[in-house]
Novice: 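Before we start, here is the structure in question, set down as structure tokens.
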Amino acid sequence: MPGGDAREAAKTVTGSLESFPYLPELPARGPGADMIGRTIGMLVEVWAHVEPSGWRISDRPGRDTRRARAWLGEDLDALEEFTQGYEGPLKVSAVGPWTLAAALELRGGEAALSDAGACRDLTASLAEGLRGHLADVRRRVPGAEVVLQLDEPSLTAVLQGRVKTASGYRTHRAVDRAVVEGALRDLVAAADGGPVVVHSCAPQVPFGLLRRAGVAGVSFDFSLLTEREEEAIGEAVEGGTALFAGVVPGVDGPLSDPAGSVMGVRTLWRRLGLTPGILAESVVVTPSCGLAGASPAYARTALAHCVRAARSLADNPE
């Protein structure tokens, strides 16, 4: 979300999305409030600090780690204030293990992705940290069914060997699909039975791999879909995987009418031969990616538009 006021963001989200609120991220506050920094603040026995090139692993917790944890605590306090008595799904987000490994530097400056042992350690630390974070959210909002979203914008690049080295002249070797799937499965297990959604606003989302890893839903930018992904999407839906379809632009601009925003979803459903009756329960309407680059007014409008578009989908699935 845009801005830096945790209470205002929590008030906007809970007021706009009465049946599926989420814990906002406010990256405009600076390092530690960005998605990588927030997740680093959740890690157990792994710390990092900010270098000009990005986040780098440290020997001990320092100012940057403490700041990340403080901002997360402030965000949780605000969410707790505006969800008193709430019962229903509540989404929280963290960076997934592969985007984290691609972004977090080892002490020598190369990405953790370059070291298989470091990737395993990072996954284990993240799993332990998320268990604690989810337990804290459940304690603060006892009526919530907590949904964990793992943000993995670098996932496809990791699978295809397209993540650049520190020099920028080479790329890291592609990670074996079984290894990628196994780490994601470990994170699904860390949710202790709660649903896990993986979000990627990059092209070529690996729907089949994510389904095999046990995720409950896949969140993606609908405009980036190609025919190549359609068969995998159909199999995912038939297997019970929810689709978080990013159909509302994440930056300021004109919006179509709500029914127009989900027209592509209806068309895809018909093309795949899926039952119209399961459309509303299989699809969550979302912005195409985060709203941090939008104005506060547009962010509020976009969330309200998602609600109206979802209602249109439910009322007229065909």
Novice: Is it true that Gln149 and Asp151 share a donor-acceptor pair across their side chains at a distance under 3.5 Å?
Specialist: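 Yes, side-chain donor-acceptor contact under 3.5 Å.
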
Novice: Apply side-chain contact (heavy atoms from CB on, under 4.5 Å) to the pair Glu230 and Arg271, showing each step before the final yes or no.
Specialist: CA-CA 9 Å; Glu230 288 189 2; Arg271 198 158 59 237; 2.6 Å; yes

Novice: Group every Ile, Leu, Val, Met, Phe, Trp and Tyr by side-chain heavy-atom contacts under 4.5 Å, then state whether Val307 and Val265 land in the same group.
Specialist: yes

Novice: Indicate if Leu150 and Met35 have the same hydrophobic cluster label, given that clusters are the connected sets of ILVMFWY residues with side-chain heavy-atom separations under 4.5 angstrom.
Specialist: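 Shared cluster, yes.
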
Novice: Can Arg266 and Ser312 be counted as having a side-chain donor-acceptor contact under 3.5 angstrom?
Specialist: yes

Novice: What are the two closest non-hydrogen atoms of Gly161 and Thr171, and how far apart are they?
Specialist: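 Looks like O-OG1, 3.1 Å.
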
Novice: Does Glu51 have any salt bridge (Lys or Arg N to Asp or Glu O under 4.0 Å) partners at least two apart in sequence or in another chain, and if so, which?
Specialist: none

Novice: Specify the closest pair of heavy atoms between Ala6 and Ala78, including all atoms of both residues, with the distance to one decimal.
Specialist: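 For Ala6 versus Ala78, the nearest heavy atoms are O-CB, 3.6 Å.
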
Novice: Do Leu122 and Leu130 share a hydrophobic cluster (ILVMFWY, side-chain heavy atoms under 4.5 Å, transitive)?
Specialist: yes

Novice: Kindly compute the distance separating CD1 (Ile36) from CH2 (Trp55), expressed to the nearest 0.5 Å.
Specialist: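 One gets 9.5 Å once the value is rounded to the nearest 0.5 Å.
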
Novice: Counting distance only, does the side-chain N/O of Tyr86 pair as donor-acceptor with the main-chain N or O of Pro89 below 3.5 Å?
Specialist: yes

Novice: Please determine whether side-chain contact (heavy atoms from CB on, under 4.5 Å) holds for the pair Val147 and Leu90, giving the CA-CA distance in whole Å, both sets of side-chain angles, and the decisive distance to 0.1 Å.
Specialist: CA-CA 6 Å; Val147 178; Leu90 171 68; over 6 Å; no

Novice: So, Gln204 and Thr156: side-chain donor and acceptor under 3.5 Å apart, yes or no?
Specialist: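 No, no side-chain donor-acceptor pair sits under 3.5 Å.
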
Novice: After noting the C-alpha distance and the side-chain angles of Val196 and Leu187, does the key distance pass the side-chain contact (heavy atoms from CB on, under 4.5 Å) rule?
Specialist: CA-CA 8 Å; Val196 176; Leu187 270 296; 6.0 Å; no

Novice: Let me check something: any side-chain donor-acceptor pairs from residues 205-220 under 3.5 Å, sequence neighbours excluded? List them with distances.
Specialist:
unit_1	atom_1	unit_2	atom_2	d
Arg212	NE	Glu181	OE1	3.3
Arg212	NH1	Gly208	O	3.4
Ser219	OG	His199	ND1	2.8

Novice: So, do Leu243 and Val284 sit near enough that their side-chain heavy atoms are less than 4.5 Å apart?
Specialist: no

Novice: Tell me if a side-chain donor or acceptor on Ser114 pairs with a main-chain N or O of Ala111 at a distance below 3.5 Å.
Specialist: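 Between the backbone of Ala111 and the side chain of Ser114 there is a qualifying donor-acceptor contact (under 3.5 Å).
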
Novice: Using every non-hydrogen atom in the two residues, find where Glu105 and Ser53 come nearest and quote the distance to one decimal.
Specialist: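 Shortest heavy-atom contact: OE2-OG, 2.7 Å.
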
Novice: Applying salt bridge (charged side-chain N to carboxylate O under 4.0 Å, His left out), which residue pairs with at least one partner in residues 140-149 are found, sequence neighbours left out?
Specialist: Asp77-Arg140, Glu80-Arg140, Asp136-Arg140

Novice: Is the backbone of Val95 close enough, under 3.5 Å, to the side chain of Thr39 for a donor and an acceptor to pair up by distance?
Specialist: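 Flag set: sc Thr39 to bb Val95 pair under 3.5 Å.
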
Novice: Going by salt bridge (charged side-chain N to carboxylate O under 4.0 Å, His left out), Asp64 matches just one of Arg60, Arg66, Arg67. Which one?
Specialist: Arg67

Novice: Can any side-chain N or O of Glu128 pair as donor or acceptor with the backbone N or O of Val44 at less than 3.5 Å?
Specialist: no

Novice: I'd like to know if the side chain of Trp269 reaches the main chain of Thr275, judged simply by a donor and an acceptor atom lying under 3.5 Å from each other, with no hydrogens or angles considered.
Specialist: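 Confirmed, Trp269 side chain pairs with Thr275 backbone.
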
Novice: For Glu227, is the CD atom crowded, meaning more than 12 foreign heavy atoms sit under 6.0 Å from it?
Specialist: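 No.
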
Novice: Between Ser261 and His305, do the side chains contain a donor N or O and an acceptor N or O under 3.5 Å apart?
Specialist: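 There is such a pair between these side chains.
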
Novice: Measuring from atom CD1 of Ile233 to atom CG of Leu272, what distance do you get when rounded to the nearest 0.5 angstrom?
Specialist: 7.0 Å

Novice: May I ask whether Val163 and Val179 are part of the same hydrophobic cluster, defined by side-chain heavy atoms of I, L, V, M, F, W, Y residues being less than 4.5 angstrom apart, directly or through others?
Specialist: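 Hydrophobic grouping puts Val163 with Val179.
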
Novice: Mark yes when over 12 heavy atoms from residues, nucleotides or ligands other than Arg7 sit less than 6.0 Å from its CZ; otherwise mark no.
Specialist: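 No, because the 6.0 Å sphere around CZ of Arg7 holds 12 heavy atoms or fewer from other groups.
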
Novice: Do the side chains of Leu17 and Tyr22 get nearer than 4.5 Å, heavy atoms only?
Specialist: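 Contact flag for Tyr22/Leu17 side chains = yes.
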
Novice: Give, for atom NE2 of His49 and atom OG of Ser58, the distance between the pair rounded to the nearest 0.5 Å.
Specialist: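 Separation between the atoms: 4.5 Å.
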
Novice: Just by modelled atom types, is the Met263 backbone N or O under 3.5 Å from a matching donor or acceptor in the Thr267 side chain?
Specialist: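 Yes: the side chain of Thr267 pairs with the backbone of Met263.
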
Novice: State, to 0.1 Å, how close Thr99 and Pro153 come at their nearest heavy-atom pair, and which atoms those are.
Specialist: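 Heavy atoms of Thr99 and Pro153 come nearest at OG1-N, 3.3 Å.
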
Novice: Do any N or O atoms from the side chain of Ser154 and from the backbone of Ala157 form a donor-acceptor pair under 3.5 angstrom?
Specialist: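 No; zero donor-acceptor contacts below 3.5 Å.
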
Novice: Measuring from atom CG of Leu100 to atom CE of Met42, what distance do you get when rounded to the nearest 0.5 angstrom?
Specialist: 10.5 Å

Novice: Out of curiosity, Leu303 CG to Arg308 CZ, how far, rounded to the nearest 0.5 Å?
Specialist: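 Spacing of CG (Leu303) from CZ (Arg308) equals 10.5 Å.
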
Novice: What distance do Arg173 atom CZ and Thr165 atom OG1 have between them, rounded to the nearest 0.5 Å?
Specialist: 13.0 Å

Novice: Can you confirm whether the side chains of Thr226 and Glu229 place a donor and an acceptor under 3.5 Å from each other?
Specialist: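 A donor-acceptor contact under 3.5 Å links the two side chains.
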
Novice: Side-chain donor-acceptor pair under 3.5 Å between Asp252 and Ser295, yes or no?
Specialist: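 There is such a pair (donor and acceptor under 3.5 Å, judged by atom type) between the side chains of Asp252 and Ser295.
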
Novice: Check Pro276 against Glu318 and note the closest heavy-atom contact, atom names and distance.
Specialist: CB-CG, 3.5 Å

Novice: When hydrophobic residues are tied together by side-chain contacts of less than 4.5 Å, even through go-betweens, does Leu225 share a cluster with Leu155?
Specialist: yes

Novice: Would you call Lys91 and Val197 a side-chain contact if the rule is heavy atoms closer than 4.5 Å?
Specialist: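 Not in contact.
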
Novice: Is there a donor-acceptor pair under 3.5 Å between the side chain of Arg138 and the backbone N or O of Val146?
Specialist: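 Between the backbone of Val146 and the side chain of Arg138 there is no qualifying donor-acceptor contact (under 3.5 Å).
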
Novice: Are Leu279 and Leu313 close enough that some pair of their side-chain heavy atoms sits under 4.5 Å apart?
Specialist: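 A side-chain contact under 4.5 Å exists here.
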
Novice: Evaluate Val188 against Leu184 for side-chain contact (heavy atoms from CB on, under 4.5 Å), listing each step before the verdict.
Specialist: CA-CA 6 Å; Val188 170; Leu184 290 169; 5.5 Å; no

Novice: Could you walk me through whether Arg29 and Asp34 pass salt bridge (Lys or Arg N to Asp or Glu O under 4.0 Å), step by step?
Specialist: CA-CA 8 Å; Arg29 293 179 298 193; Asp34 59 299; over 6 Å; no

Novice: Under a 4.5 Å cut-off applied to non-hydrogen side-chain atoms, are Cys201 and Ser288 in contact?
Specialist: no

Novice: Can you give me the closest heavy-atom contact between Leu23 and Asp75, atom names plus distance?
Specialist: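 That would be CD1-O, 3.6 Å.
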
Novice: Answer yes or no: is there a side-chain heavy-atom contact under 4.5 Å between Glu87 and Pro142?
Specialist: no

Novice: Would you say the side-chain atoms of Arg69 pair up with the backbone N or O of Gly41, donor to acceptor, closer than 3.5 Å?
Specialist: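 Judged by distance alone, yes, a pair lies under 3.5 Å.
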
Novice: Check the surroundings of atom CD in Glu81: do more than 12 heavy atoms from other residues, nucleotides or ligands lie under 6.0 Å from it?
Specialist: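 Yes, the 6.0 Å shell around CD holds more than 12 heavy atoms from other groups.
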
Novice: For the pair Trp98 (side chain) and Val158 (backbone), establish whether a donor and an acceptor sit closer than 3.5 Å, ignoring hydrogens and angles.
Specialist: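 Answer holds: no.
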
